[in-house]
Amino acid sequence: VKVKIPFGNKYLDAVFSVPEKKSTYGVVLTHGAGGDMNFPHLVSLAAYLASRGVLCLRFTCKGLNVAYRAKAFKTVVEYLKVSDDYKLSGVFLAGRSMGSRAAASVIRQLRQEDDDDDFIQGLVCLSYPLHRPKLQSKLRDEDLLFLRCPVLFVSGSADEMCEKQLLEGVASKMKAPKKIHWIDKANHGMAVKGRTTDDIMEEINAQVFSWLRENVDLAHK
C-alpha cells in the first residue's frame, strides 16, 4: 500500500507491507545514503516480515544530512502512531547504514522528550556505519551509548565502515540489551564472494525476525 506522508511542505514516499492478519507490532525501515526504499535488501526484509505477521513501513528520504534524515524518520513514526488504519502497540525502527544512524538519533531524541514513551520497542541496525572508511579514530557511537531499548546489529565482518573489534567495543559499553550478528566476510553492502544476494538476505531476514520475536510476543505462524 503506497502512502505519502506529509513532511513540512513536502511528502515522503512510503510503502506499507501489510500482513494478512492484523499486526500488533510494526517495523519502520529506511535506506542508506544512496538509493531509496526500493533498495533490494529493504524490499526483501519487508516482504519477509509481512509474510510472518509483522507490518512493515519503508520510506524514502533523500538527503545526506543525518539530522534531516532523523527528522523525516521521526515524522514517519509520529504518523504511524496516530494512524487509524494500523493501530500498533509498538514499533521497531530499522535502517540500513546511514538510515540506522538516523534511527538511533530519533530514539535518543524521543527519549529526551518523553520518558514514558514505550511505543518504540527497539532498533535494528543493518550495516551500521560506525566510522568512515579508514577513519577508525572517530566513532559515531554517541547515540548508541544513550539507548536503552534492545538493539540488533547485523554487520558484515569485512565491513570497511564498521570494524568488528570496534563495534564489539562499543557494544560492550552500551547500556541497552544488544545483539550482534556478523555476516561472515560481508562488506558494507552485504556482499560476500561466492554467495548469492538471496542467500545472504535469507540469513539477514531470519536473524531480524527471530530477534523481533525474542523481544515482543509475535504470534508464531
Side-chain angles (χ1 to χ4, degrees), residues 1-5 12-32 35-61 73 76-77 79-97 99-100 102-103 106-107 118-128 149-156 177-184 186 189-192 195-221:
V1 182
K2 286 186 178 176
V3 285
K4 283 196 178 292
I5 297 173
L12 297 169
D13 286 316
V15 171
F16 277 104
S17 300
V18 186
E20 286 172 16
K21 292 184 187 151
K22 194 178 166 308
S23 182
T24 329
Y25 291 99
V27 171
V28 185
L29 258 182
T30 194
H31 54 91
D36 56 21
M37 66 179 171
N38 296 318
F39 185 72
H41 291 193
L42 301 188
V43 176
S44 168
L45 180 58
Y48 186 94
L49 293 176
S51 71
R52 283 156 182 81
V54 182
L55 179 80
C56 229
L57 173 60
R58 56 182 210 279
F59 70 95
T60 293
C61 174
F73 213 130
V76 175
V77 172
Y79 168 85
L80 204 47
K81 208 172 175 178
V82 297
S83 157
D84 283 335
D85 299 334
Y86 309 102
K87 289 185 166 53
L88 297 172
S89 344
V91 294
F92 288 85
L93 304 193
R96 193 191 163 277
S97 192
S100 62
V106 171
I107 296 177
D118 53 3
F119 187 63
I120 307 256
Q121 297 282 323
L123 169 66
V124 178
C125 298
L126 306 172
S127 296
Y128 187 85
C149 64
V151 183
L152 170 68
F153 294 97
V154 180
S155 279
K178 68 275 171 184
K179 179 179 179 183
I180 307 179
H181 178 76
W182 294 106
I183 304 286
D184 194 37
M190 290 291 184
V192 182
R195 282 184 72 183
T196 64
T197 308
D198 287 351
D199 182 37
I200 295 165
M201 282 317 304
E202 187 63 33
E203 181 181 342
I204 295 172
N205 297 347
Q207 280 297 325
V208 172
F209 180 67
S210 69
W211 178 82
L212 292 176
R213 214 164 58 182
E214 283 163 24
N215 283 287
V216 287
D217 184 26
L218 298 171
H220 291 216
K221 283 252 160 159

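All figures in this text were calculated on a predicted structure; none of them were measured in a lab. Residue indices begin at 1 and follow the sequence shown.
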For a quick test of reading the model, state the closest non-hydrogen atom pair linking [X] to [Y] and the distance between them.
X	Y	result
Ala94	Phe73	O-CZ, 3.7 Å
Ala14	Leu57	CB-CD1, 3.7 Å
Cys56	Leu49	SG-CD1, 3.9 Å
Gly32	Ser97	CA-CB, 4.1 Å
Leu123	Cys149	N-SG, 4.3 Å
Pro19	Val54	CG-C, 3.7 Å

Sequence-distant partners of [X], ring pair (Phe, Tyr, Trp, His ring centres under 6.0 Å), two or more places apart:
X	value
Tyr79	none
Phe92	Trp211
Tyr48	none

What's the spacing between [X] [atom1] and [Y] [atom2] if we round to 0.5 Å?
X	Y	atom1	atom2	value
Arg96	Met190	CZ	CE	7.0 Å
Ser100	Leu29	OG	CG	11.0 Å
Ile107	Gln121	CD1	CD	10.5 Å
Leu80	Leu88	CG	CG	5.0 Å
Tyr25	Leu55	OH	CG	13.5 Å
Lys4	Leu12	NZ	CG	9.5 Å

* Before giving the answer on side-chain contact (heavy atoms from CB on, under 4.5 Å), spell out for Glu214 and Lys179 the whole-Å C-alpha distance, their side-chain angles and the decisive distance to 0.1 Å. => CA-CA 11 Å; Glu214 283 163 24; Lys179 179 179 179 183; 4.0 Å; yes
* Under the side-chain contact (heavy atoms from CB on, under 4.5 Å) rule, what do Val27 and Val124 come out as? Steps first, then yes or no, please. => CA-CA 9 Å; Val27 171; Val124 178; 5.8 Å; no
* For the side chain of Ser44 and the backbone of Pro40, is there at least one donor-acceptor N/O pair under 3.5 Å apart? ->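 Checked: no pair found.
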* Quick check: does any side chain N or O of Lys22 sit under 3.5 Å from a backbone N or O of Lys87, one acting as donor and the other as acceptor? ->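 Yes; at least one donor-acceptor contact below 3.5 Å.
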Does any non-hydrogen side-chain atom of [Y] lie less than 4.5 Å from one of [X]?
X	Y	result
Thr197	His41	yes
Ile183	Val192	yes
Leu152	Asn215	no

* Asked: Who are the side-chain hydrogen bond (donor to acceptor under 3.5 Å, both in side chains) partners of Glu203, not counting sequence neighbours?
  ->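 Partners of Glu203 under the side-chain hydrogen bond (donor to acceptor under 3.5 Å, both in side chains) test: His181, Arg195.
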* Sequence neighbours left out, what passes side-chain hydrogen bond (donor to acceptor under 3.5 Å, both in side chains) with Arg58? Give chain and number order. =>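 For Arg58 the side-chain hydrogen bond (donor to acceptor under 3.5 Å, both in side chains) partners, ignoring immediate neighbours, are Asn38.
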* **Any residue meeting side chain to side chain contact (heavy atoms under 4.5 Å, CB included) with Thr60, in chain and number order, not counting sequence neighbours** =>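 Only His31, Asp36, Met37, Lys62 meet the side chain to side chain contact (heavy atoms under 4.5 Å, CB included) criterion with Thr60.
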